[in-house]
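The first residue in the sequence is number 1, and the count goes up from there.
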Amino acid sequence: MRQTADAAQRASLVRLVALDVDGTLTDGRLFIGPAGEAMKAFSVRDGFGLTLLRQAGVKLAIITARQSAIVQVRASELHFDEVRQGVKDKAAALREICESFGLASRQAAYVGDDWPDLRPMALAGLAASVADAPEAVRERAHWVSRAPAGRGAVREFAEFVLQSQQRLDAALARYAGDAT
């Protein structure tokens, strides 16, 4: 994992996590059959990390350039607050989502993996990326995972945010039976 000196302070302010899908929540591969997109693989651990964020009161959003019924199904399973598909201007979408929740952009994190994610990453208070993103993206992120996309990177990010907000121990205690 790589992070800037102020990444934890930025993460402490996060009230919204917006994510790209392909190459962030998935490994970036698309399985396309004769009828169109057939499959994407999502990590259950990434999904649980997002559940932990939601349980901590953090809003969740997807901002993706592609259209996919598969993404809508996964977003519904995880109770995302906002799903924007077919987006041409991801920074404008992030700005609109922040406004709709009454949040400043510094209260938003954006997790992306490629050049189309650079503008929303620059807008967000916390810019995050995945270990296997291109160098130009990783070097512009405040935080970069150790794990590759679709293989635990988002879970790692979720735990980083919760730790920065001093909420990770309480979340773990709920599941470990240590809650009082």
Side-chain angles (χ1 to χ4, degrees), residues 1-4 6-7 10-11 14 16-33 36-50 53 58-75 77-78 80-98 103 105-161:
M1 173 187 58
R2 184 193 70 75
Q3 66 187 51
T4 59
D6 66 344
R10 289 171 176 274
V14 168
L16 165 69
V17 171
L19 306 106
D20 176 43
V21 175
D22 299 314
T24 302
L25 282 172
T26 73
D27 66 7
R29 295 184 298 162
L30 300 173
F31 297 90
I32 300 175
E37 189 175 78
M39 286 189 301
K40 292 180 192 260
F42 295 93
S43 165
V44 172
R45 289 191 179 110
D46 286 347
F48 187 66
L50 292 167
L53 286 171
V58 176
K59 302 281 188 198
L60 302 176
I62 284 176
I63 302 174
T64 180
R66 296 181 57 82
Q67 278 291 143
S68 171
I70 296 166
V71 168
Q72 190 61 52
V73 168
R74 185 65 173 148
E77 287 176 347
L78 295 173
F80 269 76
D81 298 285
E82 186 79 30
V83 178
R84 303 263 180 116
Q85 297 194 67
V87 174
K88 301 234 183 293
D89 185 343
K90 292 181 176 187
L94 178 59
R95 194 175 299 109
E96 290 169 6
I97 293 168
C98 285
L103 299 172
S105 60
R106 73 179 180 281
Q107 295 175 290
Y110 186 87
V111 187
D113 74 296
D114 215 335
W115 293 5
D117 299 309
L118 291 175
R119 288 184 59 227
M121 285 172 65
L123 175 66
L126 176 62
S129 192
V130 295
D132 52 341
E135 183 177 352
V137 177
R138 287 181 283 126
E139 67 189 16
R140 287 169 172 80
H142 302 114
W143 182 92
V144 179
S145 68
R146 280 186 218 111
R151 306 282 307 225
V154 171
R155 170 64 174 272
E156 202 178 312
F157 174 74
E159 289 188 11
F160 170 71
V161 169

Minimum-distance pair of heavy atoms, taken over all atoms of Val21 and Ile62: CG2-CG2, 3.5 Å
Distance check, rounded to the nearest 0.5 Å: Met1 atom CE versus Glu159 atom CD? 11.0 Å
Measuring only between side-chain heavy atoms, which start at C-beta, is Glu96 closer than 4.5 Å to Glu82? no
More than 12 heavy atoms from other groups under 6.0 Å of CZ on Arg29: no
Under 3.5 Å: donor-acceptor pair, side chain of Arg10, backbone of Gly125: yes
Rounded to the nearest 0.5 Å, what's the gap from CG on Asp113 to CE on Met121? Could you check? 9.5 Å
For the pair Gln107 (side chain) and Leu16 (backbone), establish whether a donor and an acceptor sit closer than 3.5 Å, ignoring hydrogens and angles. no
Between Glu135 and Arg138 (salt bridge meaning N to carboxylate O under 4.0 Å), is one present in this structure? no
Looking at Asp22 and Gly28, would you say the former's side chain and the latter's main chain have a donor-acceptor pair under 3.5 Å? no
Applying side chain to side chain contact (heavy atoms under 4.5 Å, CB included), run through Leu50 and Leu19 and close with a yes or a no. CA-CA 10 Å; Leu50 292 167; Leu19 306 106; 4.0 Å; yes
Can you find a heavy atom in the side chain of Phe42 that is under 4.5 Å from one in the side chain of Val73? no
Residue pair Ile63 / Ala18: nearest heavy atoms and the distance that separates them: CD1-CB, 4.0 Å
Heavy-atom pair of closest approach, residues Ser129 and Gly112: OG-O, 2.8 Å
Ala91 backbone acceptor or donor facing Asp89 side chain under 3.5 Å: yes
Atom CZ of Arg45 with >12 non-hydrogen neighbours under 6.0 angstrom: no
Nearest heavy-atom contact between Ala153 and Ala147 is CB-O, 3.4 Å
Asp132 side-chain N/O to Ala149 backbone N/O, donor-acceptor pair under 3.5 Å: yes
Sub-3.5 Å donor-acceptor pair from the side chain of Asp81 to the main-chain atoms of Leu60, do we have one? yes
Minimum heavy-atom distance between Ser43 and Gly152, given as atom pair plus value: OG-N, 4.1 Å
Minimum side-chain heavy-atom gap Arg119-Leu94 below 4.5 Å: no
For Lys90 and Asp20, what are the C-alpha separation, side-chain angles and deciding distance, and is it a salt bridge (Lys or Arg N to Asp or Glu O under 4.0 Å)? CA-CA 9 Å; Lys90 292 181 176 187; Asp20 176 43; 3.0 Å; yes
Should Tyr110 and Thr24 count as side-chain neighbours, where that means a heavy-atom distance under 4.5 Å? no
Any Trp143 side-chain heavy atom under 4.5 Å of Val161 side chain: no
So do Ser68 and Gln85 actually touch side chain to side chain, heavy atoms under 4.5 Å? yes
How many angstroms lie between CG in Asp46 and OG1 in Thr26, if you round to the nearest 0.5 Å? 10.0 Å
With a sphere of 6.0 Å drawn around CZ of Arg74, does it hold more than 12 non-hydrogen atoms of other residues, nucleotides or ligands? yes
Quick check for you: to the nearest 0.5 Å, what is the distance between Phe157 atom CZ and Leu53 atom CG? 7.0 Å
Closer than 3.5 angstrom, by distance alone: can the side chain of Ser145 be matched with the main-chain N or O of Ala131 as a donor-acceptor pair? yes
Would you mind reporting whether Val137 and Asp117 have side-chain heavy atoms less than 4.5 Å apart? no
Using side-chain heavy atoms (C-beta onward) and a distance below 4.5 Å, is Asp27 in contact with Pro148? no
For Ala109 and Val14 the tightest heavy-atom approach is CB-CG2, 3.9 Å
